[in-house]
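Let me begin by presenting the structure, written as structure tokens, before commenting on it.
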Amino acid sequence: MPEGHSVHRIARQFRRNFVGQSVQATSPQGRFVAGAKQVSGTELVEVFAVGKQLFLRFADDQWVRIHLGMYGAWDFSGDIQLDATIASANGRMGQTNQRGTVFDGAVYDRHGENSLTSIGAPRRTRVRMAESEKESAVQAEFPPEPIGQVRLRLLTETVCADLRGPTACEVLTTEQVDAVLAKLGPDPQHDASDEAGQRFVDTVLKKQTAIGLLLMDQSVVAGIGNVYRAEMLFRAGIDPYRPGKSLTTDETWALWRDWIHLLAIGVETGQMMTIDGLQGEQWRAAMANRADRHWVYKREGLPCKRCGTNVRLDEMGNRKLYWCPGCQK
DNA sequence: GTTTTATGGGAAG
DNA sequence: TTCCCCTAAAACA
């Protein structure tokens, strides 16, 4: 379910709550028993994300690579240090609590319209992290009874992380991790250097492939999924069917810079917010409703918010492509 | 109760 | 390009 921003947020939760500690690993579902056993009892040394992939380094250079795929998720429970942006959407929508105001799984600081509160002290709770985050009722016991298909459970004295529905979950050596990383295109949260941008630009300008496909190709640029693809091309005013090599250098650099911009917002807010400059009530509405967050994604048949042309829905690369023929040339 | 849907990607043909 | 895997929640009846 997640695009790149959510995987970076998950990595951050692991750094705050697990890194530096010895971790018990199990596979309640039974499909990762051998892998869990390999790392169980060792220290989790480092966690980071590149694109949509999560890398957990345990002691002795044992790594676990995870890809959530279309509907994977992590459930964190126990006494967790939470991002200020995480809170319940269940029944608390739009209400103000002691830390801020709750909207669709995110809390926004009452002191600044779009700014975030700092990290809170650990508190007993349960949070599902996928494309966005949702807090749910706390179970009394710790660790909680596994619910559903838990492929991998990571457990310390105080916190528990349950992985379900991943498309990839495997133990790798350092060499194998390097091989995976070498195949990934640049991710601005991992490397925002001009060299990284230049790699993206050079690749795009060489290819005959449609730019709508190139943005989804994780070896061209890492972390973009179906929502960001549609929204970035709308923001750039580019027809998704144009071959990469037909773009100008300026257009291609603008795409890279916009990905830096949108990904940073996603990592900070926990939402794929792709309309800039919203204030006050408009910001709140956009946080609460997807339809108010996006220009074209899931808006097929509706009038374009900019030019009034009906938003079109096509199929591209087996995925739904939303775009505005009026704005994108 | 059953069907549909999803923000992904790898393998097979 | 088509098929297939991962799982759960939402949508429908």
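Since this is a predicted model, take the numbers as computed values, not measurements. Every chain is numbered from 1, with letters handed out A, B, ... down the list of sequences.
- The side chain of A:Q271 places no N or O atom within less than 4.0 Å of a non-bridging phosphate oxygen (OP1 or OP2) of B:dT7.
- Qualifying ring-ring contact (aromatic ring centres under 6.0 Å, His included) partners for A:F14, counting only residues two or more places apart in sequence or in other chains: A:F18, A:W74, A:F76.
- A search for ring-ring contact (aromatic ring centres under 6.0 Å, His included) contacts involving A:Y228 returns A:H5, A:W259, not counting sequence neighbours.
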Pull out every protein N or O sitting under 3.5 Å from an N or O of nucleotides 9-13 of chain B, one pair per line with the distance.
| residue | atom | partner | partner atom | Å |
| --- | --- | --- | --- | --- |
| B:dG9 | OP1 | A:H67 | NE2 | 3.2 |
| B:dG9 | OP2 | A:K52 | NZ | 3.2 |

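- The other residues sharing a hydrophobic cluster with A:F55 are A:F48, A:V50, A:W63, A:L172, A:V177, A:V180, A:L181, A:L184, where clustering joins ILVMFWY side chains under 4.5 Å apart.
- Under 4.0 angstrom from either OP1 or OP2 of B:dT7 there lies no side-chain N or O belonging to A:Y228.
- Considering only side-chain N and O atoms, A:R128 lies under 4.0 angstrom from the phosphate OP1 or OP2 of C:dA9.
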Compile the donor-acceptor pairs under 3.5 Å between side chains in residues 199-210 of chain A and protein atoms, sequence neighbours left out, one pair per line.
| residue | atom | partner | partner atom | Å |
| --- | --- | --- | --- | --- |
| A:D202 | OD1 | A:Q198 | NE2 | 3.0 |
| A:T203 | OG1 | A:R199 | O | 2.7 |

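- Of all nucleotides listed (C:dA9, B:dT7, C:dT7), C:dT7 comes nearest to the side chain of A:R31.
- Across all strands shown, A:E315 has no heavy atoms under 4.0 Å from either base or sugar-phosphate atoms.
- By the salt bridge (charged side-chain N to carboxylate O under 4.0 Å, His left out) test, A:R15 is found to be paired with no residue, residues two or more places apart in sequence or in another chain being considered.
- The side chain of A:K320 approaches B:dA6 more closely than any other nucleotide in the set B:dT7, C:dA8, B:dA6.
- Comparing B:dG10 with C:dA8, their C1' atoms sit 22 Å apart, to the nearest whole Å.
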